[in-house]
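Here is how names work: the chains are called A, B, and so on, in the same order as the sequence lines, proteins then strands, and each is numbered from 1. For the numbers below, each heavy atom of this structure counts, side chains included, while hydrogens, waters and symmetry mates do not.
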2 protein chains.
Amino acid sequence: MTETDPSQIKGFNRARERAARALLEDYVEMIADLAAEFGEARITEIAARLGVAHPTATKAVARLKREGLAVSRPYRGVFLTEAGEALAEQVRARHRTVVALLRAVGVPEDLAELDAEGIEHHVSTRTLKAFEAFLASQGGEKG
Amino acid sequence: MTETDPSQIKGFNRARERAARALLEDYVEMIADLAAEFGEARITEIAARLGVAHPTATKAVARLKREGLAVSRPYRGVFLTEAGEALAEQVRARHRTVVALLRAVGVPEDLAELDAEGIEHHVSTRTLKAFEAFLASQGGEKG
DNA sequence: TGCGAAATGTAGCCTTGGCTACAAACTTCG
DNA sequence: CGAAGTTTGTAGCCAAGGCTACATTTCGCA
Ligand SMILES: [Mn+2]
Ligand SMILES: [Mn+2]
Ligand SMILES: [Mn+2]
Ligand SMILES: [Mn+2]
């Protein structure tokens, strides 16, 4: 009896892994936003928009660099590598889809945006596909 | 120009706060499960089901005790306080609703269960209400 | 041009949440 | 009843992600 359910463990482990990646994803997305707006992402601006102190942003960017997602030189802006750009695009698309799904099931826009910031990091690729299919069916039905 | 959007900061801050609570919530839910099944929750069993080493579970339980959610004596089982029970019930209900919503928009059952383990912690009360309303409307429509 | 303000870097601290290794207590059973 | 096995506790390590305080560099402008 009482065999520990492996799929339950899997769920917890996955949630932990995704939580660990969440920060990286938000930084990458933010850097892409700033690059689009100003041509470069400055540490101070990244920190301000994420609501953290600047040394916190510096540490996170160091981690991005270590993982090959960004590059930077001292006292200069931060730039995404190709891998970083690709991740940013994926993250941004997922964010949009999650917000759209929340809206589609009746969550008010402001709240959808707030909750999506956390939810998005736990939505797997296949679940995202399901969201897209659902949205397509809804869109077609009602216009 | 370029005023930092306060609602965006709010979203990131909220996601961070919720991520910090996620672990506590999973422990409380697990302890409630084990209490229902065995009458008490042992450290070894908690650790096994969450997929962590036992000292990790011990530390987390210490935090639960510090926050008034659980009690325990050395070499004995862990028990929830009234506050802990209340949180467990709330967490369990939210978990069910999140899974149901994912299923309702077309996510396969196994995947819904896996993704819900992470998503649930970022669903606010009002968003949960919206999910329930959506599910009720779906259920009524099709039976 | 150069000085003051702003941005960035760096040092060092804290908490959380992982881990391994080992010590101590409890339980089971011969 | 006591030895062996199981469970729990404890010590100590690590990385991530927060922070403040202070040093240094860059930038804007008088
Ligand atoms: Mn996010
Ligand atoms: Mn996002
Ligand atoms: Mn969970
Ligand atoms: Mn859960």
Side-chain angles (χ1 to χ4, degrees), chain A residues 1-2 4 9-31 34 38-67 69-79 117-118 121, chain B residues 2 4 9-10 12-31 34 38-67 69-79 117-118 121:
Chain A
M1 302 304 100
T2 310
T4 294
I9 297 177
K10 193 172 161 198
F12 290 122
N13 283 331
R14 217 162 93 156
R16 279 194 292 267
E17 282 161 24
R18 287 183 175 278
R21 283 200 60 96
L23 256 290
L24 280 196
E25 292 179 350
D26 284 339
Y27 272 91
V28 163
E29 189 181 0
M30 178 60 70
I31 291 168
L34 292 170
F38 302 114
E40 67 175 355
R42 307 301 305 225
I43 284 285
T44 300
E45 189 67 19
I46 296 169
R49 294 211 185 183
L50 288 171
V52 297
H54 84 266
T56 301
T58 301
K59 267 198 202 177
V61 167
R63 194 177 156 209
L64 293 186
K65 291 169 74 170
R66 204 182 336 132
E67 304 203 3
L69 296 169
V71 293
S72 75
R73 298 195 338 268
Y75 297 97
R76 293 289 175 248
V78 180
F79 301 90
E117 203 51 73
H121 307 285
Chain B
T2 310
T4 294
I9 297 176
K10 193 173 161 195
F12 290 123
N13 283 331
R14 218 162 94 156
R16 278 194 293 266
E17 283 161 24
R18 289 183 174 279
R21 283 200 60 95
L23 256 290
L24 280 196
E25 292 180 349
D26 283 339
Y27 273 91
V28 163
E29 188 180 1
M30 180 59 70
I31 292 168
L34 292 170
F38 302 115
E40 67 175 356
R42 307 301 306 226
I43 284 285
T44 300
E45 189 68 20
I46 296 170
R49 295 211 185 183
L50 288 170
V52 298
H54 85 265
T56 301
T58 300
K59 268 196 201 178
V61 168
R63 193 177 156 207
L64 293 186
K65 292 168 74 170
R66 204 180 338 130
E67 304 204 2
L69 296 169
V71 293
S72 76
R73 298 196 336 271
Y75 296 97
R76 291 290 173 250
V78 180
F79 301 90
E117 203 51 73
H121 307 285

S.K.: If a protein heavy atom is under 4.0 Å from the base, mark B; if only from the sugar-phosphate, S; if neither, -; do that for nucleotides 3-8 of chain C going 5' to 3'.
M.R.: ----SB
S.K.: With a 4.5 Å limit on heavy-atom distance, are the side chains of B:R49 and B:E45 in contact?
M.R.: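 With C-beta onward as the side chain, the pair touches.
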S.K.: Can you name the residues that form a side chain to side chain contact (heavy atoms under 4.5 Å, CB included) with B:R16, not counting sequence neighbours?
M.R.: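 Per chain and number, B:R16 pairs via side chain to side chain contact (heavy atoms under 4.5 Å, CB included) with A:V52, B:F12, B:N13.
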S.K.: Are A:E17 and A:R21 close enough for a salt bridge, meaning some N to O gap below 4.0 Å?
M.R.: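 Result for this pair is no, no salt bridge flagged.
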S.K.: How would you list, by chain and number, every residue that makes a side-chain hydrogen bond (donor to acceptor under 3.5 Å, both in side chains) with A:K65, sequence neighbours excluded?
M.R.: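 With sequence neighbours excluded, A:K65 shows a side-chain hydrogen bond (donor to acceptor under 3.5 Å, both in side chains) to A:S72, given in chain and number order.
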S.K.: Give, for atom NZ of A:K10 and atom CD of B:E117, the distance between the pair rounded to the nearest 0.5 Å.
M.R.: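 That separation rounds to 13.0 Å.
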S.K.: Just verifying a value: how many Å separate B:L50 CG and B:I31 CD1, rounded to the nearest 0.5 Å?
M.R.: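 Going from CG on B:L50 over to CD1 on B:I31, the span is 8.5 Å.
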S.K.: Students should find this one: the first and last nucleotides of DNA chain D, 5' to 3', lying under 4.0 Å from a heavy atom of chain A. What are they?
M.R.: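 Range of nucleotides within reach of chain A: D:dA16 to D:dC27.
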S.K.: Kindly write out the residues that satisfy side chain to side chain contact (heavy atoms under 4.5 Å, CB included) with B:L23, not counting sequence neighbours, or none if the list is empty.
M.R.: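 So B:L23 forms a side chain to side chain contact (heavy atoms under 4.5 Å, CB included) with B:Y27.
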S.K.: If you take any heavy atom closer than 4.0 Å to DNA chain C, which residues from residues 17-30 of chain B end up in contact?
M.R.: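 Result for residues 17-30 of chain B: B:A20, B:L23, sorted by number.
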S.K.: What is the distance, rounded to the nearest whole Å, between atom CZ of A:R16 and atom P of C:dT16?
M.R.: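 Distance check: A:R16 CZ to C:dT16 P gives 17 Å.
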S.K.: Closer than 3.5 angstrom, by distance alone: can the side chain of B:R42 be matched with the main-chain N or O of B:Y75 as a donor-acceptor pair?
M.R.: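 Flag set: sc B:R42 to bb B:Y75 pair under 3.5 Å.
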S.K.: Could you give the distance from CG (A:L24) to NE2 (A:H121), rounded to the nearest 0.5 Å?
M.R.: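 Rounded to the nearest 0.5 Å, the CG-NE2 separation comes to 10.5 Å.
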S.K.: When rounded to the nearest 0.5 angstrom, what distance separates CD1 in B:I43 from CG in B:L34?
M.R.: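 Nearest 0.5 Å value for the CD1-CG distance: 10.5 Å.
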